[in-house]
Peer 1: 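One structure is given below, represented as structure tokens, and several questions about it will come after.
Remember, it's 1-based here, ligands and their atoms both numbered in the order they're listed.
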Amino acid sequence: MKALILVDLQNDFCPGGALAVPEGDTLIPIANMLMSKFELVIATQDWHPANHGSFAANHPWRKPGQIIELNGLKQILWPIHCVQESFGASFTNGLDITKIHKIFQKGTDKDIDSYSGFFDNGHKKDTGLGEYLKAKSITEVYVMGLATDYCVKFTSIDAHNLGFKTYLIEDASRGVNLKEGDVEKAVEEMKKLGISIIQSHEI
Ligand code: VGL
Ligand code: ZN
């Protein structure tokens with residue numbers, strides 16, 4: 001059985017949003033098209049409290065893009081984004097949410113960020129997604145969404161490490177590219193680990 005994981009298709013990651021990923025909105029029709037091809041569709045949602053430690057605004061004098069240590073972990077600071085219940089945290093307009101079977105929210109603990117849909121960045125807490133997929137007899141996981149160099153990458157790597165045959169749908173993902181080449185590097189890293197890189201038309 002195969003599952004599709006839609007990573008963070010939220011307003012704040014689309015043009016006009018607080019942490020806009022270039023062309024993020026162009027993934028919505030692709031997601032809508034792909035969902036009907038899977039037995040199980042999961043969506044992750046970045047879901048931060050307003051006092052989240054990943055927000056530059058919550059640290060005196062800090063700016064987005066700077067790196068700090070947050071409770072012992074290296075943390076890139078971001079603009080305020082995906083605050084729980086806000087418009088920015090909502091799924092992007094036009095996404096057919098009726099086809100999503102279950103939503104996993106992450107980044108809810110102010111003291112630690114969570115790029116992966118499976119675990120926080122310290123691998124301390126589990127969202128339950130891995131067990132959920134195993135209980136549904138899922139063996140193959142297809143990952144798409146935002147952003148390729150952060151949440152898509154870490155979700156894919158955790159899926160792979162949990163033993164799922166993992167596919168990154170490359171053309172159905174877009175990245176932040178904080179540094180030029182970050183997306184390419186992320187795709188290379190995933191490929192090296194044994195994650196299959198595919199395009200949406202191959203599904
Ligand atoms: C993400 C940065 C901060 C993502 C989430 O969805 O890739 N990136 N929070
Ligand atoms: Zn976030």
Peer 1: Could you tell me whether any N, O or S atom belonging to H81 is less than 2.8 Å from the Zn ion (ligand 2)?
Peer 2: yes
Peer 1: Is a donor on one side and an acceptor on the other found under 3.5 Å between the side chain of T148 and the backbone of R174?
Peer 2: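 Answer holds: yes.
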Peer 1: Whether the side chain of D120 engages the backbone of K125 through a donor-acceptor N/O pair (distance < 3.5 Å, no angle test) should be reported.
Peer 2: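 Yes: the side chain of D120 pairs with the backbone of K125.
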Peer 1: Using 2.8 Å as the threshold, say whether any N, O or S atom from H48 sits that close to the Zn ion (ligand 2).
Peer 2: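 An N, O or S atom of H48 is closer than 2.8 Å to the Zn ion (ligand 2), so yes.
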Peer 1: Using heavy atoms and a 4.0 Å limit, tell me yes or no: is Q10 in contact with ligand 1?
Peer 2: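 Contact check Q10 vs ligand 1: negative.
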Peer 1: Check this for me - ligand 1, L19, N or O atoms closer than 3.5 angstrom, yes or no?
Peer 2: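 Checking ligand 1 against L19, no N or O pair falls under 3.5 Å apart.
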Peer 1: Is the terminal nitrogen or CZ of K2 (NZ for Lys, CZ for Arg) located under 6.0 angstrom from the six-membered ring centre of Y142 and within 45° of that ring's axis?
Peer 2: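 Ring-cation test returns yes.
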Peer 1: If we ignore angles and hydrogens, is there a donor and acceptor under 3.5 Å between the side chains of D171 and H201?
Peer 2: no
Peer 1: Considering the heavy atoms of D8, write down every atom of ligand 1 situated less than 4.0 Å from one of them.
Peer 2: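 Ligand 1 atoms under the 4.0 Å threshold to D8: 4 (C), 6 (O).
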Peer 1: Of all the atoms in ligand 1, which lie at a distance below 4.0 Å from a heavy atom belonging to H81?
Peer 2: 3 (C), 9 (N)
Peer 1: Is the closest N or O pair between D113 and ligand 1 shorter than 3.5 Å?
Peer 2: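 Such a contact does not occur with ligand 1.
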Peer 1: What atoms of ligand 1 come within less than 4.0 Å of a heavy atom belonging to Y150?
Peer 2: 7 (O), 8 (N)
Peer 1: Quick test: of every protein heavy atom, which one is nearest to atom 2 (C) of ligand 1, and how far off is it to 0.1 Å?
Peer 2: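 Answer for atom 2 (C) of ligand 1: W78 CE2, 3.4 Å.
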Peer 1: Which residue holds the protein heavy atom closest to atom 5 (C) of ligand 1, what is that atom called, and what is the gap in Å?
Peer 2: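 In this structure, atom 5 (C) of ligand 1 has D46 OD2, 3.1 Å as its nearest protein heavy atom.
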Peer 1: Hey, is the main chain of F87 close enough, under 3.5 Å, to the side chain of N11 for a donor-acceptor pair?
Peer 2: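 Between the backbone of F87 and the side chain of N11 there is a qualifying donor-acceptor contact (under 3.5 Å).
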Peer 1: Which atoms from ligand 1 have a heavy atom of A147 less than 4.0 Å away?
Peer 2: 4 (C), 6 (O), 7 (O)
Peer 1: Evaluate K106 for polar contact with ligand 1, using N/O atom pairs at a separation under 3.5 Å.
Peer 2: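 Min N/O separation from ligand 1 is not below 3.5 Å for K106.
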Peer 1: Parallel, tilted or perpendicular: which one describes the rings of F55 and H81, with boundaries at 30° and 60°?
Peer 2: perpendicular
Peer 1: Nearest to the Zn ion (ligand 2), which N, O or S atom of D46 do we find?
Peer 2: OD2
Peer 1: Would you say the side-chain atoms of S86 pair up with the backbone N or O of C82, donor to acceptor, closer than 3.5 Å?
Peer 2: no
Peer 1: Could you tell me whether a side-chain N or O of Q45 sits under 3.5 Å from a main-chain N or O of Q10, the two making a donor and an acceptor?
Peer 2: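 Checked: no pair found.
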Peer 1: Are the side chain of K106 and the backbone N or O of S114 linked by a donor-acceptor pair below 3.5 Å?
Peer 2: yes
Peer 1: Give the residue, atom name and distance (to 0.1 Å) of the protein heavy atom nearest atom 4 (C) of ligand 1.
Peer 2: C151 SG, 2.7 Å
Peer 1: Could you tell me whether D149 and K179 make a salt bridge, using a distance below 4.0 angstrom between a side-chain N and a carboxylate O?
Peer 2: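 Salt bridge: no.
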Peer 1: Does only the side chain of D149 get under 4.0 Å from ligand 1, or the backbone, or both, or neither? Count heavy atoms.
Peer 2: neither
